[in-house]
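Since the model is a prediction, treat every value here as computed from it, not as a measurement. Positions are given from 1, in the same order as the sequence printed here.
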Amino acid sequence: LLKQLEQQTTEYRVMENSLPGGLYLRHKLVAKGPDEIFSAFMTLFDMALERGLEVDRRRPPFARFTDIVFQHENIHCEVYMPVVSGLLSGDVVRVEIPKAVSTVHHGDYSKVEAAYDVLQDYVDTHDLDIVDCPMEFYVFGIRDPQRKKLVTTVFFPVE
């Protein structure tokens, strides 16, 4: 987390990493735009509380985009809220990504597509295969209504 926060706004440094296994409360949606995705996290938080699930505040929430092409509207996605424990079911799932490449975008969400371009170039240059849908981890600033201070880690699962 500290490495991600230290990265400069205009510089995209690609990191090879993984996502350790953990439990997440999941919700699928087709969002009209990014604001609807961010609102879905608040809904998931409320759902977790209603179901007696403790939210794991050590891990950030994330969105998984089931359409590989970056879009600004009609976004097919799943949003995930980390939970400490729960019974596996249709909406409580275990997520683990053994290998991935990622980079961090600071600031205005409308410009996050540049991070996707950097990762795609890295994947192509290093002859990696993307094996699952892109993901975005919202590390900081999700409650900022203008999303100007957002810190977003863009994550490509690779092989």
4.5 Å side-chain heavy-atom contact, [X] and [Y]:
X: Pro60; Y: Tyr138; answer: no
X: His27; Y: Leu29; answer: yes
X: Leu23; Y: Val93; answer: no

Return a table of donor-acceptor pairs under 3.5 angstrom between the side chains of residues 78-87 and protein atoms on other chains or two or more places apart.
| residue | atom | partner | partner atom | Å |
| --- | --- | --- | --- | --- |
| Glu78 | OE1 | Arg64 | NH1 | 3.1 |
| Glu78 | OE1 | Tyr80 | OH | 2.3 |

Do Phe155 and Phe62 have ring centres separated by under 6.0 Å?
-> no
Any donor and acceptor pair, going by atom type alone, linking the side chain of Thr103 with main-chain N or O of Arg13 inside 3.5 Å?
-> yes
Backbone of Tyr116 reached by a side-chain donor or acceptor of Gln120 within 3.5 Å = no
Minimum heavy-atom separation for [X] to [Y], with atom names?
X: Pro20; Y: Ser18; answer: CD-O, 3.7 Å
X: Thr153; Y: Ser102; answer: CG2-CB, 3.8 Å
X: Pro134; Y: Phe156; answer: CB-CE1, 3.7 Å
X: Thr66; Y: Cys77; answer: OG1-N, 4.1 Å

Set of residues satisfying side-chain contact (heavy atoms from CB on, under 4.5 Å) with respect to [X], sequence neighbours excluded:
X: Leu49; value: Phe45
X: Val131; value: Pro157, Glu159
X: Lys99; value: Glu16, Leu128, Val158

Using the ring of each side chain (for Trp, its six-membered ring), is His105 parallel, tilted or perpendicular to Tyr12, with breaks at 30° and 60°?
-> parallel
First locate atom CD of Glu96, then atom CG of Leu19, and finally report the distance between them rounded to the nearest 0.5 Å.
-> 7.5 Å
What's the spacing between Ile97 CD1 and Asp132 CG if we round to 0.5 Å?
-> 5.5 Å
Start with the C-alpha gap between Leu150 and Phe38, add the side-chain angles, then the distance that decides, and say whether side chain to side chain contact (heavy atoms under 4.5 Å, CB included) holds.
-> CA-CA 11 Å; Leu150 193 64; Phe38 295 125; 3.7 Å; yes
Run the side chain to side chain contact (heavy atoms under 4.5 Å, CB included) check on Leu119 and Val14 step by step: do they pass?
-> CA-CA 7 Å; Leu119 285 179; Val14 176; 4.0 Å; yes
Do the side chains of Val112 and Ile130 join up, straight or via other hydrophobic residues, at under 4.5 Å, putting them in one cluster?
-> yes
Tell me, with the steps shown, if Val104 and Thr152 meet side chain to side chain contact (heavy atoms under 4.5 Å, CB included).
-> CA-CA 6 Å; Val104 179; Thr152 307; over 6 Å; no
How would you list, by chain and number, every residue that makes a ring pair (Phe, Tyr, Trp, His ring centres under 6.0 Å) with His126, sequence neighbours excluded?
-> Tyr122
Contacts of type side-chain hydrogen bond (donor to acceptor under 3.5 Å, both in side chains), residue Asp129, not counting sequence neighbours = none
Sequence neighbours left out, what pairs pass salt bridge (Lys or Arg N to Asp or Glu O under 4.0 Å) with at least one residue falling in residues 41-56?
-> Arg51-Asp91, Asp56-Arg58, Asp56-Arg59
